[in-house]
Amino acid sequence: MRIGMFSNSYKPIISGVVRSIDLYRQGLTNAGHFVALFTSDAKDHEDAEPFVFRYPSITLPKSTDWTLPVVVAPHITWLIPRLKLDILHAHHPFVIGSEALNISRGEKIPLVFTFHTLYHEYTHYFGLDADFVKQLVRRHVRDYVDGVDCIIAPSTYILDLLPSYQIDRSVEILPTPVDLSLFPTRERPPFSDPERIQLIYVGRVGKEKNLDFLLRAFARAAQQDTRLHLRIVGDGPELKKLLTYAAELQVTNRVDFIGAVPFEQVAEQMSQADLFVFTSTTETQGLVLLEAMAASLHQVIVNSPALHDFVRPGVDALSTDID
């Protein structure tokens, strides 16, 4: 099969969506399929993998770490019909995803859409966090979904979400896989060092990840147990604020901000920790939780419906509500 994937973001950006695309491309290619990816241009980045085609893009303000694709690219317009694609797969309903819909209609190629994200939860990045803006986003997603041939969701939580978008369509549940080869099977002791208990968060450092709550909770726990330390692995627009907040909470000497690391190094970071902590309530799957489980890490998480497909509270993780 010849597949064309469309995404507003890809490497070198590090995110759950990018990781999902990368894993599916690898799996499909290994199974003998041809997979071309159409995505946004990345400044000073050279693709090591073949068949990645990029639209020009505009750099957005520093409040985000994304770029805005410009879907005017004569080389891609020329290329699409010559690739003789059998199916298109969009990973966003906006911009490049909208272009995928246009191509689907023009070339009469079936279009699949993966509902990765709670899109209405991200309007704050553009200074448009009012309820009517969130409603406009829901309406756009609904109209977009009406034009695709198949909807894929990474968890059953999306099924419960669809009514809020006024979407009444069947959905194929297809969780994102985990590359287990990066996580060697091994027995973990309760704590690698009883004198220093290492907590770790891995993920994007954005407002939607609720990391200010994580720091507050850690500060309270650290007052009660001097062995606790926290490592935050990731980057994003909230990093500077979190650094300042950690200083205000007087936990700077107990919190290490590692920054972004390549996906291939996530397993190594997790191997150095005792507990995985996760406080996001806007996930549609929470791929990093599956990776933490693959690393045999104990987990402490905030209750979120999307996580219940994969994590059994009280069995796989200790879960709590936000107080």
Side-chain angles (χ1 to χ4, degrees), residues 5-9 15-21 23-24 64 66 88-98 100-101 111-126 128-178 203-204 206-211 213 236 278-291 299 301-313 316-317 319-322:
M5 289 190 173
F6 292 77
S7 173
N8 290 337
S9 58
S15 72
V17 174
V18 172
R19 183 60 174 154
S20 177
I21 294 169
L23 287 166
Y24 275 120
T64 78
W66 301 312
L88 309 182
H89 186 173
H91 293 272
H92 297 96
F94 307 98
V95 195
I96 290 180
S98 295
L101 183 57
L111 175 62
V112 173
F113 166 62
T114 293
F115 205 127
H116 286 286
T117 306
L118 304 181
Y119 299 99
H120 62 281
E121 296 286 356
Y122 289 74
T123 58
H124 59 271
Y125 280 115
F126 306 97
L128 302 169
D129 208 25
D131 287 342
F132 83 92
V133 176
K134 294 180 184 294
Q135 193 58 39
L136 288 175
V137 169
R138 289 188 177 95
R139 186 177 304 169
H140 173 86
V141 175
R142 179 201 65 199
D143 293 344
Y144 182 84
V145 164
D146 283 344
V148 309
D149 296 283
C150 177
I151 307 170
I152 293 174
S155 70
T156 56
Y157 174 54
I158 293 297
L159 298 177
D160 298 326
L161 176 72
L162 292 184
S164 72
Y165 282 81
Q166 297 181 343
I167 295 171
D168 184 17
R169 291 277 305 275
S170 61
V171 177
E172 299 294 331
I173 304 299
L174 189 62
T176 299
V178 172
R204 191 166 181 275
K207 181 178 179 181
E208 70 282 355
K209 299 301 184 181
N210 203 24
L211 295 179
F213 172 79
F278 197 68
T279 52
S280 173
T281 59
T282 63
E283 301 302 305
T284 56
Q285 176 179 357
L287 176 59
V288 71
L289 289 177
L290 293 177
E291 293 175 334
Q299 301 180 48
I301 64 173
V302 164
N303 278 326
S304 178
L307 308 182
H308 292 169
D309 277 7
F310 316 100
V311 178
R312 296 165 296 176
D316 303 307
S319 63
T320 182
D321 295 318
I322 295 178

*Roughly how far, to the nearest 0.5 Å, is OG1 of Thr281 from CD1 of Ile301?*
12.0 Å
_Close side-chain approach of Val145 and Ile151, heavy atoms under 4.5 Å_ = yes
*Where Thr176 and Ser20 come nearest, the two heavy atoms and their spacing*: OG1-OG, 3.0 Å
*Quick check: does any side chain N or O of Ser15 sit under 3.5 Å from a backbone N or O of Val18, one acting as donor and the other as acceptor?*
yes
*Decide side-chain contact (heavy atoms from CB on, under 4.5 Å) for Asp149 and Val112; before the verdict, give the C-alpha distance in whole Å, the side-chain angles of both, and the deciding distance to 0.1 Å.*
CA-CA 6 Å; Asp149 296 283; Val112 173; 5.9 Å; no
*From Asn303 atom CG to Asp321 atom CG, the distance as rounded to the nearest 0.5 Å*: 4.5 Å
*Approximate separation, where rounding is to 0.5 Å, of Ser319 OG and Gln299 CD*: 11.0 Å
*For residues Met5 and Tyr24, report the shortest heavy-atom separation together with the two atoms involved.*
CE-CB, 4.1 Å
*Determine whether the aromatic ring centres of His140 and Phe94 lie less than 6.0 Å apart.*
yes
*Minimum-distance pair of heavy atoms, taken over all atoms of Arg169 and Cys150*: NH2-N, 4.1 Å
*Pairwise side-chain contact, Glu283 with Tyr157, heavy-atom cut-off 4.5 Å (strictly under)*: no
*Please assess His116 against Thr284 for the test side chain to side chain donor-acceptor pair (under 3.5 Å), listing each intermediate value before the final yes or no.*
CA-CA 6 Å; His116 286 286; Thr284 56; 5.9 Å; no
*Verify side-chain contact (heavy atoms from CB on, under 4.5 Å) between Phe113 and Ile152, making sure each step is shown before the conclusion.*
CA-CA 6 Å; Phe113 166 62; Ile152 293 174; over 6 Å; no
_Centroid separation Phe115 to Tyr165 less than 6.0 Å_ = yes
*Starting at CG of Asp146, measure out to CD1 of Ile167 and round the result to the nearest 0.5 Å.*
7.5 Å
*Mark yes or no for whether Asn8, through its side chain, and Ile96, through its backbone, hold a donor-acceptor pair below 3.5 Å.*
yes
*How far apart are the closest heavy atoms of Leu101 and Gly147, and which atoms are they?*
CD1-O, 3.4 Å
*Quick one: OG1 on Thr114 to NE2 on His92, what's the gap to the nearest 0.5 Å?*
10.5 Å
_Could you check whether Ser280 and Glu208, counting side-chain N and O atoms only, form a donor-acceptor pair closer than 3.5 Å?_
no
_Distance, nearest 0.5 Å, that separates CD1 of Ile21 from NE2 of His91_ = 4.5 Å
*Where is the tightest heavy-atom contact between Gly16 and Leu287, given as atom of each residue plus distance?*
O-CD2, 4.4 Å
_I'd like to know whether Leu159 forms a side-chain contact (heavy atoms from CB on, under 4.5 Å) with Ile173, so could you lay out the CA-CA distance, the side-chain angles of the two residues, the decisive distance to 0.1 Å, and finally the verdict._
CA-CA 9 Å; Leu159 298 177; Ile173 304 299; 4.2 Å; yes
_Flag side-chain contact, heavy atom, 4.5 Å: Leu162 against Asp168_ = no
_Are Asp143 and Val141 packed together at the side-chain level, in the sense that at least one heavy-atom pair is separated by less than 4.5 angstrom?_
no
*Taking all atoms of both residues into account, what is the closest heavy-atom pair of Tyr144 and Ala90, and its distance?*
OH-CB, 3.2 Å
*side-chain contact (heavy atoms from CB on, under 4.5 Å) evaluation trace for Phe310 with Leu289*: CA-CA 8 Å; Phe310 316 100; Leu289 289 177; over 6 Å; no
